[in-house]
Student: 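Below: one structure in structure tokens.
Not measured: the values here are computed from a predicted model. Read the numbers this way: they start at 1 and go in the same order the structure lists the ligands and their atoms. Along the sequence shown, residues carry numbers from 1.
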Amino acid sequence: MNYKPGICTFCGNGCGHMLRIADGRVDGVFASRNHPVSQGRLCVRGWNIHELLSTNQRITSPAIRKNGILEKTTYDEAISVVMEKLIGYAKSSPDQVAVLASPRSSNEENYLLMKLARSVLNTNNIGLDSESGHRASMDVLKAGTGMPGMMGSVSGIMKTGFILVFDMDITHQNPILGSEIHKARRAGATVVTIDSRKTQIAALSDHFLQTRPGSNKMVLGALAKIIIDDNLMDSEYIQKYTSGFEGYANLLGSLSFGDIESKTGIDVARLREIAHLLAKAGSAMAFYPSGISGLDADMIGYLFNLFLITGKAGVNGSGINPVTGLNNLQGGYDMGAAPDLLTGFQSLDDEGVVKKFSDAWGCKLNPKKGKSPCEMLADPASLPKALIVADHDEGII
Ligand code: SF4
């Protein structure tokens with residue numbers, strides 16, 4: 001019996017596990033006690049993840065569709081057929097080739113796929129599925145902080161006084177993260193859930209604002225308005241780290257409390273209670289969904305501004321944190337699996353960046369921004385002639 005350490009690749013939590021290997025097969029999973037994120041915990045999906053290795057639904061050999069039927073073949077034949085066609089397209093119409101990278105792939109795999117697309121197939125039509133919500137989150141965070149990822153860490157949850165779970169079913173999507181928030185509440189943190197659904201975390205929270213569907217942005221604006229009206233902002237922080245506060249305050253000034261109550265379904269007194277708790281907390285974290293169920297950029301901007309005016313962004317572990325349902329969505333972007341970004345969020349618009357990568361890879365890169373496969377597939381006029389799909393479920397084939 002042999003045990004190998006690894007990371008659960010199901011959701012974005014990244015829990016540590018030990019895989020048990022017997023007779024050349026992985027036949028069990030155990031929680032890794034020392035893992036800094038999960039600390040000996042796995043959710044029900046994590047305890048059973050080894051079954052994915054032995055399911056008879058795995059694709060275990062290459063196949064080529066002939067007369068409508070997938071027929072097994074050798075790797076040599078499959079690679080030569082695919083590359084002949086792809087290189088033909090790359091020479092004649094690289095804009096019609098697309099690559100769908102995967103949030104389930106490792107960083108190394110996504111880097112190689114991105115390099116294949118750009119340096120061999122001459123296309124920037126590469127992207128990840130679940131891209132919209134996470135891309136919006138990255139763009140807001142990069143513009144606001146310079147870093148396109150989480151502002152806090154899982155280990156910081158227990159040190160936080162105020163936790164906001166915003167518009168996400170966190171105990172189902174990321175159960176171990178949900179359990180850490182529940183643990184922090186038992187240790188004294190105030191947990192607030194804002195959602196139109198009555199989720200499990202809502203029932204476990206100190207305060208649950210059940211909003212009317214479509215009104216969450218107004219709730220965030222209302223909380224900020226109350227903080228400004230009641231003079232609870234962190235003026236020193238605003239002065240030191242932000243710009244454009246007056247315009248933002250004027251915008252919120254146009255909100256009427258009558259409208260807020262009728263559109264959100266929440267009493268202003270209740271909103272005031274939450275606004276005061278946030279403003280007076282020593283530190284605060286917000287968790288919101290990214291990926292396919294993610295928020296739009298405007299909504300994330302409202303959430304970020306709420307934390308900025310209370311001085312709860314980037315100090316004492318405070319800040320807003322996107323939570324992905326898929327394990328390596330962020331890593332895929334880090335590696336450059338995007339139509340306009342190279343590795344490390346370096347922009348294709350920058351000639352120096354394109355030259356640097358061209359020199360390093362020994363080829364001339366196409367500098368024209370591409371389209372993501374999701375964009376191409378959504379528009380009948382831009383359907384790709386060839387699509388590489390990496391690391392996705394069999395159903396997509
Ligand atoms: S919470 Fe996510 S990463 Fe952790 S065991 Fe469950 S599915 Fe795996």
Student: Taking only residues two or more places apart in sequence, or in another chain, which ones meet Leu19 in a side-chain contact (heavy atoms from CB on, under 4.5 Å)?
Tutor: His17, Val26, Val29

Student: Taking the inter-plane angle between the rings of Trp361 and Phe357 on a 0 to 90° scale, is it parallel (under 30°), tilted (30 to 60°) or perpendicular (over 60°)?
Tutor: perpendicular

Student: Name the one of Asp340, Thr123, Asn124, Asp95 that satisfies side chain to side chain donor-acceptor pair (under 3.5 Å) with Lys368?
Tutor: Asp95

Student: Can you list the residues that meet the side-chain contact (heavy atoms from CB on, under 4.5 Å) rule with Asp334, with sequence neighbours excluded?
Tutor: Gln330, Phe345

Student: Restricting to distances shorter than 2.8 Å, give the number of protein N, O or S atoms close to atom 2 (Fe) of ligand 1.
Tutor: 1

Student: Considering non-hydrogen atoms only, spot the tightest contact between Ala313 and Leu308 and give its length.
Tutor: CB-CD2, 3.8 Å

Student: Sequence neighbours left out, what pairs pass salt bridge (charged side-chain N to carboxylate O under 4.0 Å, His left out) with at least one residue falling in residues 136-164?
Tutor: Arg135-Asp139

